Amino acid sequence: MRDMTRRLIAAIAACLLLASCGDDAGQTPEDTASDKATTTAPLSESPAPKRGTEIVVADSEFGPMLFDDREQAIYLFDVERTDEPKCYDDCAKAWPPVLTDGEPVAGSAVDESLLGTTERADDTVQVTYGGHPLYYYAHEGPGEVKCHDIFLNGGNWYVVKPNGDRA
């Protein structure tokens, strides 16, 4: 076992020695840097745009309403009369915003012209629909709708109909 360990250490040392030698003999550090700069130029391709959060319409006990593609119910907060979010801190813990990394995607029966985004104070991007910032309720599972027409955090919370109005 001891002999095997010595051989392994010797092999690693030989590899490191060979890797440190290379074929830059006779070149100054400036020459080496300029060679590498010309051979490792970045590609001109731009990264693919990120796919945004998908919003869909599905049936519920309140009629057709908005969900995300994971079947999480989506709500609006009636104190928000513009696309400027007012739900932060404890409110946002109970009612997490529907965030997106790219342009939101209109799923089945969603009016794409009503989809939009707004920037939050923490620089995240929140999905809007019909000019309303959208939220989830933190204590619901997929397909559950527990908090329609309920007063919490200083206002009423409503599920959102496909036309952008509250149910």
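On a predicted model such as this, the values are computed, not experimentally measured, just so you know. Residues: numbered from 1 along the sequence shown.
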- [ ] May I ask you to test the E54-P104 pair for a side-chain heavy-atom distance under 4.5 Å?
- [x] no

Open item on the list: Contact between D69 and V105 at the side-chain level, heavy atoms closer than 4.5 Å - yes or no?
Closed with: no

- [ ] Find out if a path of hydrophobic residues (ILVMFWY) with successive side-chain heavy-atom gaps under 4.5 Å connects L66 to F62.
- [x] no

- [ ] Following the transitive rule for hydrophobic clusters with a side-chain heavy-atom cut-off under 4.5 Å over Ile, Leu, Val, Met, Phe, Trp and Tyr, establish whether I55 and L76 coincide in one cluster.
- [x] yes

TODO: State, to 0.1 Å, how close A73 and E140 come at their nearest heavy-atom pair, and which atoms those are.
DONE: CB-OE1, 3.6 Å

- [ ] Using modelled atom types only, decide if a donor and an acceptor are shared between the side chain of S108 and the backbone of V56 within a distance under 3.5 Å.
- [x] no

Task: Separation between CD of E144 and CD of Q72, rounded to the nearest 0.5 Å - done: 8.0 Å

- [ ] Please examine the side chains of V127 and L115, heavy atoms only from C-beta on, and report whether any two atoms are closer than 4.5 Å.
- [x] yes

TODO: Would you sort out whether W157 and Y135 count as a ring-ring contact (aromatic ring centres under 6.0 Å, His included), showing the intermediate values?
DONE: CA-CA 9 Å; W157 295 88; Y135 298 89; 5.2 Å; yes

Task: CG (D89) with more than 12 external heavy atoms under 6.0 Å - done: no

Open item on the list: Just checking W95 against Y75, ring centres under 6.0 Å apart?
Closed with: yes

Open item on the list: Starting from V98, can I reach V79 by hopping between I/L/V/M/F/W/Y residues whose side chains sit under 4.5 Å apart?
Closed with: no

TODO: Please round to the nearest 0.5 Å and tell me the distance separating atom NE2 of H132 and atom CZ of R81.
DONE: 9.0 Å

Open item on the list: Between T128 (side chain only) and D83 (backbone N and O only), is there a donor and an acceptor less than 3.5 Å apart?
Closed with: no

Task: Heavy-atom closest contact (E80 atom, C87 atom, distance) - done: OE2-N, 3.5 Å

TODO: For R166, look at atom CZ and say whether over 12 heavy atoms of other residues, nucleotides or ligands are found less than 6.0 Å away.
DONE: no

Task: Closest non-hydrogen atom pair, L114 against P162 - done: CD1-O, 3.8 Å

Open item on the list: Closer than 3.5 angstrom, by distance alone: can the side chain of K146 be matched with the main-chain N or O of H139 as a donor-acceptor pair?
Closed with: yes

- [ ] Give a yes or no on this: more than 12 heavy atoms of other residues, nucleotides or ligands lie within 6.0 Å of atom CD of E84.
- [x] no

- [ ] Step by step, work out the side chain to side chain contact (heavy atoms under 4.5 Å, CB included) result for Y137 and I150.
- [x] CA-CA 11 Å; Y137 181 58; I150 188 165; over 6 Å; no

- [ ] Indicate if F77 and V125 have the same hydrophobic cluster label, given that clusters are the connected sets of ILVMFWY residues with side-chain heavy-atom separations under 4.5 angstrom.
- [x] no

Open item on the list: Please evaluate residues V57 and F67 with respect to the criterion side chain to side chain contact (heavy atoms under 4.5 Å, CB included), reporting the C-alpha separation (whole Å), side-chain torsions for both, the decisive distance (0.1 Å), and the verdict.
Closed with: CA-CA 6 Å; V57 172; F67 290 85; over 6 Å; no

- [ ] For H148 and A167, work out which heavy atoms get closest and say how close.
- [x] CE1-O, 3.2 Å

TODO: Please name the pair of heavy atoms, one in R120 and one in L99, separated by the smallest distance, quoted to 0.1 Å.
DONE: CD-CD2, 3.9 Å

Task: Heavy-atom donor-acceptor pair, D78 side chain to N156 backbone, under 3.5 Å - done: yes

- [ ] Return the minimal non-hydrogen interatomic distance between N153 and C91, and the atom names on each side.
- [x] ND2-CA, 3.4 Å

Task: Heavy atoms of other groups near E112 CD, more than 12 under 6.0 Å - done: no

TODO: Check whether any side-chain heavy atom of V145 sits under 4.5 Å from a side-chain heavy atom of M65, and report yes or no.
DONE: yes

Open item on the list: If you define the side chain from C-beta out and look only at heavy atoms, does anything of Y129 sit under 4.5 Å from D111?
Closed with: yes

